[in-house]
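Everything quoted here is computed from the prediction, not taken from an experiment.
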Amino acid sequence: MKLRSLYLNLYFVVGLVLVLLGAGNWTVGAVQVARYRALVEAGSKTGLEESYRSFRELTPRKNRAILSGIHEERERYDAARVKLDFFHVVLRGGLLLILIGLGLAFSALFRIIRRDAPTMVGKLTTG
């Protein structure tokens with residue numbers, strides 16, 4: 001088996017590219033999932049739902065002043081949840097690309113070895 005036969009094989013090259021792309025996606029996804037998971041957990045511990053119930057007795061003007069901060073906090077929490085879901089998809093997609101790329105690369109490698117096997121056996125028996 002020669003190195004040239006590897007890099008000229010389209011399946012092997014595509015497999016390596018997919019592994020590299022998948023590793024990048026997986027890395028970014030893992031870092032961002034950890035980041036946004038911490039934000040979501042911190043936001044869920046603030047008890048935003050209970051805050052809404054306790055302000056119902058106030059006047060509309062007081063509600064607007066007090067609830068504006070809570071609405072901003074709720075929007076940040078919801079945005080973090082959406083981003084967490086997105087980066088879960090990126091993480092899983094990266095793992096899928098890695099698996100597909102490894103499958104392509106290994107199948108190409110085995111095809112090349114199998115194709116070159118008769119010539120290798122011939123060299124071993126005559127040598």
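Follow the hydrophobic side-chain contacts under 4.5 Å out from Leu20 and you never reach Phe106; the two are in separate clusters. Under a hydrophobic-cluster definition in which Ile, Leu, Val, Met, Phe, Trp and Tyr are linked whenever side-chain heavy atoms come within less than 4.5 Å, directly or via other members, Val17 and Leu96 are assigned to the same cluster. Placement of Phe86 and Tyr77 within a single hydrophobic cluster is found when ILVMFWY residues are connected by side-chain heavy-atom separations under 4.5 Å, directly or transitively. Val33 and Val40 fall within a single hydrophobic cluster, where Ile, Leu, Val, Met, Phe, Trp and Tyr are joined by side-chain heavy atoms under 4.5 Å apart, directly or via other members.
With salt bridges taken as basic N to acidic carboxylate O contacts below 4.0 Å, none links Asp85 and Arg81.
Residue Leu104 holds its CG atom at 8.0 Å from OH of Tyr11, rounded to the nearest 0.5 Å. Once rounded to the nearest 0.5 Å, the distance linking CG of Leu16 with CG of Leu102 reads 9.0 Å. Here Leu18 contributes atom CG and Leu99 contributes atom CG; the two are 11.0 Å apart, rounded to the nearest 0.5 Å.
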Next item on the list: Could you go through the side-chain contact (heavy atoms from CB on, under 4.5 Å) check for Leu91 and Asn25 one step at a time?
Entry: CA-CA 6 Å; Leu91 178 80; Asn25 281 357; over 6 Å; no

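A heavy-atom distance below 4.5 Å is not found between the side chains of Leu97 and Val19. You'll find the side chain of Tyr36 reaches within 4.5 Å of the side chain of Leu39, heavy atoms only. Residues Asp78 and Glu75 are not in side-chain contact: their nearest non-hydrogen atoms beyond the backbone lie 4.5 Å or more apart. Arg37 has its side chain within reach of Glu41: a pair of non-hydrogen atoms, C-beta onward, lies under 4.5 Å apart.
Of the residues listed (Asn9, Leu10, Leu8), the one engaging Phe12 in a side chain to side chain contact (heavy atoms under 4.5 Å, CB included) is Asn9, and it is the only one.
Annotation: salt bridge (charged side-chain N to carboxylate O under 4.0 Å, His left out) contacts of Arg35 (sequence neighbours excluded): none. Judged as a side-chain contact (heavy atoms from CB on, under 4.5 Å), and not counting sequence neighbours, the contacts of Val28 are Gln32, Phe87.
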